[in-house]
Asker: 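One structure follows; several queries about it will come next.
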Amino acid sequence: MSGRITKKEKERIQKILDLLDEHYTREYKCYLNHETPWQLLIATILSAQCTDERVNLVTKDLFHKYTSLEAFASADQKELEQDIHSTGFYKNKAKNIIACTNMLLKEYGGQVPENIEELTKLAGVGRKTANVIRGNIYHEPSIVVDTHVKRISRKLGLTKEEDPVKIEFDLMKVLPKEHWILFNIQIITHGRGLCTARAPQCEQCFLKELCKERK
DNA sequence: CTCCCGATAT
DNA sequence: ATATCAGGAG
């Protein structure tokens, strides 16, 4: 039993992609402010269950205080906890950032790896964070299944799965590879603006005809 | 599966 | 008061 896509489904998906391209950016923009790959890695670790807006507020000061991988690797954990406190889960995040930066220095020569297997070996780095790095830093086709991509992909009928990894593989099957990174960026823009979890603006939504949950 | 967890919108 | 936010580890 193959998961082959019918012509009709393919056309539906292309219509979704076209409408997204029409309304949102085609740039590979990143909502998490950073200047270096390792800064994006830390920002993404901090972004777990936290708005990117909040993360940017915290990293603005954080990256001025800790200006290198070495600075994070040798940070005092309690002090770092206070520095990132408002992002939530601050004890785990501080511990992971210190462990992760030490691993980068000791095992990867201070370079952020490109490979997903190597990335997910890092403390605090799962598939979502690894795919953010792959897409944004290395521009390798990758799909980031965050809360927005999960919610909206299901609404658009692109997957019926709950598990983020299964959703990632469903989307890889269904979306043209050259659209993976842009789809992510555009869906996150959509999820932050129109199709929010608590109060989606369905009447103003340009995808309402294609939505399975439209009221 | 549970736990980690603050800030904000509803 | 409660749901939600660019999740990950044990």
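Proteins get letters first, then strands, A, B, ... in listed order; numbering begins at 1 in each.
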Asker: When you compare the side chains of A:S47 and A:K128, does any donor N or O come within less than 3.5 Å of an acceptor on the partner?
Answerer: yes
Asker: Take atom CD of A:Q82 and atom P of B:dC5, then tell me their distance rounded to the nearest Å.
Answerer: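 Going from A:Q82 (CD) to B:dC5 (P), I get 12 Å.
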Asker: Between A:D83 and A:Y90, is any side-chain donor less than 3.5 angstrom from a side-chain acceptor?
Answerer: no
Asker: From C-beta outward on A:R198, which listed nucleotide comes closest to its side chain: B:dT8, C:dA6, B:dA9?
Answerer: B:dA9
Asker: Between C:dA1 and B:dC4, how far apart are the P atoms? Round to whole Å, please.
Answerer: 22 Å
Asker: Output the rounded distance in Å from CG (A:N92) to P (C:dG7).
Answerer: 15 Å
Asker: Taking the side chain of A:V132 as heavy atoms from C-beta outward, which of B:dT10, B:dA7, C:dA6 is closest to it?
Answerer: C:dA6
Asker: Classify the nucleic acid contact of A:V125 as base, sugar-phosphate or nothing, counting any heavy atom under 4.0 Å across all strands shown.
Answerer: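 It contacts sugar-phosphate atoms only.
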Asker: CD1 of A:I187 versus C1' of C:dC5: gap in Å, rounded?
Answerer: 17 Å
Asker: Tell me: CD1 of A:I133 to C1' of C:dA6, nearest whole Å?
Answerer: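 Checked: the CD1 to C1' distance equals 12 Å.
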Asker: Any base atoms under 4.0 Å from A:T129, or only sugar-phosphate, or nothing? Heavy atoms, all strands.
Answerer: sugar-phosphate
Asker: According to a cutoff of under 5.5 Å between the ring centres and under 30° between the ring planes, does A:F89 stack with the base of B:dC4?
Answerer: yes
Asker: Expressed as a whole number of angstroms, how long is the span from A:E162:CD to B:dC1:P?
Answerer: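 For the pair A:E162 CD and B:dC1 P, the rounded distance is 10 Å.
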Asker: Please classify the nucleic acid contact of A:T147 as base, sugar-phosphate, or nothing, using heavy-atom distances under 4.0 Å.
Answerer: sugar-phosphate
Asker: A:H190 and A:F206: aromatic ring centres closer than 6.0 Å?
Answerer: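 Ring-ring flag for A:H190/A:F206: true, centres closer than 6.0 Å.
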Asker: Of A:Y31 and A:G124, whose nearest nucleotide on DNA chain C comes first from the 5' end?
Answerer: A:Y31
Asker: Please measure how far the C1' atom in C:dA3 lies from the corresponding atom in B:dC5, and state the result in whole Å.
Answerer: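 One C1' to the other, the span is 14 Å.
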